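Because the structure is a prediction, the values reported are computed rather than measured. Chain naming here is simple, since letters A, B, ... match the order of the sequence lines and numbering starts at 1 in each.
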Number of protein chains: 2
Amino acid sequence: MIAILPSAADPCNLPFPLKNPKEPAMSDSGVKFQPRESIEQVEEGSDLAPKFDDRGLITVVTTDARSGELLMQGYMNAEALARTIRTGEAHYFSRSRQVLWHKGATSGFVQRVRELLVDDDQDCIWLRVDVEGGASCHVGYRSCFYRRVPTGREFGATEVDGRVDLVWTDTEKVFDPEDVYGDAPNPTIL
Amino acid sequence: MIAILPSAADPCNLPFPLKNPKEPAMSDSGVKFQPRESIEQVEEGSDLAPKFDDRGLITVVTTDARSGELLMQGYMNAEALARTIRTGEAHYFSRSRQVLWHKGATSGFVQRVRELLVDDDQDCIWLRVDVEGGASCHVGYRSCFYRRVPTGREFGATEVDGRVDLVWTDTEKVFDPEDVYGDAPNPTIL
């Protein structure tokens with residue numbers, strides 16, 4: 001997914017130097033991550049020892065803290081995760097622009113973190129957020145997920161030669177993308 | 001993410017032949033995907049035209065349809081997505097085992113899909129599911145996300161030299177992993 005992108009490169013786009021440190025490592029914003037030493041430590045312990053992939057990124061799932069709605073799915077590098085923890089506001093890493101991205105810097109739709117959770121093997125972050133203005137999607141909808149695919153019996157009842165149409169679950173845009181982003185390039189890649 | 005893995009390889013582990021087809025493509029299980037032709041089509045149209053990454057995978061976010069709780073984050077290849085749509089039961093692709101994976105085949109905790117949504121640029125799937133037995137995490141918890149990281153003011157109030165401890169949000173396992181998986185290898189990778 002990609003939601004709202006910054007209009008200008010953030011100068012603080014250097015990746016945290018150690019993807020998966022062998023000893024405790026401090027981010028530029030003063031948050032320390034622990035090295036990953038055992039499955040028991042990672043799954044059952046209280047150490048924050050996140051796993052970053054080959055690109056230095058960790059997957060992030062962001063839901064609305066009140067409604068439970070899935071707003072977006074993005075990525076953080078280590079510095080984005082550290083800043084989110086330090087500030088309580090969601091920071092991501094934009095893969096298309098390769099920059100650290102303080103969500104809402106352009107659009108004003110800052111995500112305030114109510115709860116930040118980590119999964120069993122610590123390779124995924126769940127953010128439960130409040131969104132000022134209530135929009136998270138660059139197309140203009142509240143959530144990036146505004147269309148559903150019929151499944152199971154409904155698929156069987158509506159398919160034509162294996163094809164079904166998407167069904168809108170949200171038809172009302174909360175902002176006009178042109179007003180907010182002007183002629184900035186669309187982040188969607190075909 | 002990794003939640004419950006199959007105990008044996010599924011014979012149907014061949015990836016759907018075309019990652020991002022240039023013309024309508026039919027999966028083995030009879031679900032058709034459309035080629036990605038324009039941003040307007042992908043973002044604002046009713047065509048199901050999912051984007052698979054270099055590995056042939058699409059990111060999946062799975063939440064409990066009743067509580068809104070995030071249960072797990074995983075991946076599908078094209079055939080897993082097609083089978084999920086066709087059957088109404090969640091299928092994933094296990095990266096560690098490189099096999100198609102019908103969730104619950106080993107554990108019995110099948111995920112019945114209440115709603116399958118796709119995001120703006122169609123590179124992420126959101127599954128809203130009912131889980132039989134109520135468990136999705138191989139460690140034994142209901143959700144893979146059973147620990148939180150203090151953020152913002154709470155981080156500032158509790159950090160010691162940049163370090164904070166994870167805080168448990170769920171302390172009760174709903175099953176004993178040894179009973180369910182025996183001595184199968186743990187999927188967590190350090």
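- Looking at Glu44(A), the atoms closer than 4.5 Å to chain B (heavy atoms on both sides) sit in the backbone and in the side chain alike.
- Residue contact with chain A, scored on non-hydrogen atoms closer than 4.5 Å, involves the side chain of Val61(B) exclusively.
- Ion pair Asp47(B)/Arg36(B) not flagged as a salt bridge, since none of the NZ, NE, NH1 or NH2 atoms sits closer than 4.0 Å to an Asp/Glu carboxylate oxygen.
- Counting heavy-atom pairs closer than 4.5 Å to chain B, the top residue among Val118(A), Leu48(A), Asp64(A), Thr87(A) is Val118(A).
- For the atom pair CD (Gln73(B)) and CD1 (Ile125(A)), the distance works out to 11.0 Å, reported to the nearest 0.5 Å.
- Using bins of under 30°, 30° to 60° and over 60° for the plane-to-plane angle, the ring pair His91(B)/His102(B) lands in the parallel bin.
- For chain A, the option among Leu70(B), Asp165(B), Val113(B) with the highest count of heavy-atom pairs below 4.5 Å is Leu70(B).
- Interface remark: Asp161(B) contributes backbone and side-chain atoms alike to the contact with chain A (heavy atom separation under 4.5 Å).
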Expected list for residues 151-159 of chain B: side-chain donor-acceptor pairs under 3.5 angstrom, two or more places apart:
unit_1, atom_1, unit_2, atom_2, d
Glu154(B), OE1, Arg148(B), NH1, 3.0
Glu154(B), OE2, Arg148(B), NH1, 3.4
Glu154(B), OE2, Arg148(B), NH2, 3.3
Thr158(B), OG1, Glu154(B), O, 2.6
Glu159(B), OE1, Gly162(B), N, 2.9
Glu159(B), OE2, Arg86(A), NH1, 3.2

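- For the options Glu37(B), Gln122(B), Arg128(B), heavy-atom pairs under 4.5 Å to chain A are most numerous at Gln122(B).
- With a threshold of 4.5 angstrom between heavy atoms, Thr84(A) approaches chain B through N, CA, C or O but not through any side-chain atom.
- Both the backbone and the side chain of Glu43(B) have a heavy atom closer than 4.5 Å to some heavy atom of chain A.
- In terms of modelled atom types and a separation under 3.5 Å, the side chain of Thr169(B) and the main chain of Tyr146(B) share a donor-acceptor contact.
- Looking at Ser29(A), there are no atoms closer than 4.5 Å to chain B (heavy atoms on both sides), in backbone or side chain.
- Only the side chain of Thr59(B) comes within less than 4.5 Å of a heavy atom in chain A; its backbone stays farther off.
- For the pairing with Glu89(B), the side chain to side chain donor-acceptor pair (under 3.5 Å) check across Arg83(B), Arg112(B), Lys103(B) returns one residue only, Arg112(B).
- Ranked by heavy-atom pairs under 4.5 Å with chain B, the first of Val42(A), Ile39(A), Val164(A) is Ile39(A).
- When Ser46(B), Gly45(B), Ser38(B) are compared by the number of non-hydrogen pairs under 4.5 Å with chain A, Ser46(B) comes out ahead.
- With sequence neighbours left out, Arg114(A) forms a side chain to side chain contact (heavy atoms under 4.5 Å, CB included) with Ala65(A), Arg66(A), Asp130(A).
- Considering only heavy atoms from C-beta on, Met26(A) comes within 4.5 Å of Lys32(A) through its side chain.
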